[in-house]
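What follows is a set of notes on a single structure, which appears directly below.
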Amino acid sequence: MTFNPNEGLPQDEVTERVDEAIESNEVVLFMKGTEMMPQCGYSDKALTLIGQCRDDFETVDVLESLDEYRAALEEHSGRETIPQTFVDGEFVGGSDILEQYAERGELEATLQA
């Protein structure tokens, strides 16, 4: 299987996937890679931090259509960086923000939907 980053999904399909994931899950992490194989350090950090506080959360691998996911996520968060975490439909932040919550002892409460 060859990965060609220029051949993504149509923007409207990705936007629909993002909207559905945010609306349908208490906590969702948009990340590079999967739970079993994160593909960037920031995604891995976010995954680990959330996993320390919750057993049940959704992950979405954005690598299939990175540019389209960035555009769709920016509509919700105002940011196009990956990873992004949403709780109850609200943007919480990326790995840096999750880490700040953890350092202040507020991450578990922040992730409780």
Side-chain angles (χ1 to χ4, degrees):
M1 179 177 193
T2 303
F3 175 70
N4 185 342
N6 297 324
E7 292 183 15
L9 298 168
Q11 184 64 59
D12 58 342
E13 183 177 334
V14 172
T15 299
E16 188 175 313
R17 287 183 182 190
V18 168
D19 293 347
E20 176 68 22
I22 291 171
E23 292 171 16
S24 301
N25 296 286
E26 290 181 359
V27 177
V28 61
L29 171 64
F30 293 90
M31 62 181 285
K32 293 178 181 175
T34 64
E35 284 185 71
M36 295 301 293
M37 189 174 276
Q39 295 296 308
C40 92
Y42 296 112
S43 292
D44 187 39
K45 181 186 293 186
L47 183 67
T48 299
L49 288 166
I50 295 170
Q52 290 172 350
C53 298
R54 290 187 65 107
D55 292 329
D56 60 327
F57 62 97
E58 185 68 29
T59 61
V60 176
D61 181 359
V62 302
L63 289 177
E64 181 178 23
S65 283
L66 187 57
D67 290 339
E68 291 79 9
Y69 272 102
R70 286 185 192 278
L73 287 166
E74 188 173 16
E75 291 179 27
H76 289 275
S77 67
R79 298 173 68 183
E80 63 176 32
T81 56
I82 307 295
Q84 290 193 21
T85 306
F86 290 81
V87 177
D88 278 340
E90 298 294 321
F91 175 63
V92 172
S95 61
D96 55 339
I97 301 299
L98 295 178
E99 190 169 44
Q100 290 174 13
Y101 279 122
E103 288 171 358
R104 294 192 308 252
E106 300 171 358
L107 183 59
E108 189 167 353
T110 300
L111 295 174
Q112 296 311 310

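Numbers here simply count residues along the sequence, with the first being 1.
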Notebook entry, point to check: Does the pair Glu68/Arg17 count as a salt bridge with the N-to-O cut at 4.0 Å?
Noted result: no

Between Val14 and Ser65, the two heavy atoms sitting closest are CG2-CB, 4.0 Å

Value for SG (Cys53) from CG (Leu107), rounded to nearest 0.5 Å, stands at 4.0 Å

Value for CG (Leu66) from CG (Asp61), rounded to nearest 0.5 Å, stands at 9.5 Å

Quick one: does any side-chain atom of Glu75 pair with a main-chain N or O of Asp19 as donor and acceptor, under 3.5 Å? no

Original post:
Less than 4.5 Å apart, any side-chain heavy atom of Thr34 and any of Thr59?
Top reply: no

Original post:
Val92 versus Tyr101: any side-chain heavy-atom pair under 4.5 Å?
Top reply: yes

Applying ring-ring contact (aromatic ring centres under 6.0 Å, His included) to Phe86 and not counting sequence neighbours gives Phe30, Phe91

In this structure, CD1 of Ile50 is separated from CG of Asp56 (nearest 0.5 Å) by 11.5 Å

Of all heavy-atom pairs linking Thr85 and Val27, the shortest is CG2-CG1, 4.3 Å

Any side-chain donor near an acceptor of the partner, Gln11 and Thr15, under 3.5 Å:
yes

When every non-hydrogen atom of Leu63 is compared with those of Gly33, the smallest separation belongs to CD1-N, 3.7 Å

Exercise. Applying side-chain contact (heavy atoms from CB on, under 4.5 Å), run through Ile82 and Tyr42 and close with a yes or a no.
Key: CA-CA 8 Å; Ile82 307 295; Tyr42 296 112; over 6 Å; no

(Q) Counting only heavy atoms not in Glu16 (residues, nucleotides, ligands), do more than 12 fall under 6.0 Å from its CD? (A) no

Taken to the nearest 0.5 Å, the spacing of Leu73 CG from Arg79 CZ works out to 11.0 Å

What one should report as the nearest heavy-atom pair of Ile22 and Gly89 is CG2-CA, 3.5 Å

Between Leu98 and Ala46, the two heavy atoms sitting closest are CD1-CB, 3.8 Å

Q | Asn25 vs Phe57 side-chain heavy atoms within contact, under 4.5 Å | A | no

| Ignoring hydrogens and geometry, is there a side-chain-to-backbone donor-acceptor pair from Ser43 to Met31 under 3.5 Å? | no

Does any donor atom in the side chain of Thr110 or Glu106 lie under 3.5 Å from an acceptor atom in the other side chain? no

Interatomic distance, CD@Glu20 vs CD@Glu58, rounded to 0.5 Å, equals 10.5 Å

**Message:** Can you confirm whether Val62 sits close enough to Lys32 that some side-chain heavy atom of one is under 4.5 Å from a side-chain heavy atom of the other?
**Reply:** yes

What one should report as the nearest heavy-atom pair of Gln84 and Thr81 is NE2-O, 2.9 Å

Residue set satisfying side-chain contact (heavy atoms from CB on, under 4.5 Å) with Gln52, at least two apart, ordered chain then number -> Thr48, Leu49

Less than 4.5 Å apart, side chain to side chain, heavy atoms only: is that true for Arg54 and Gln112? yes

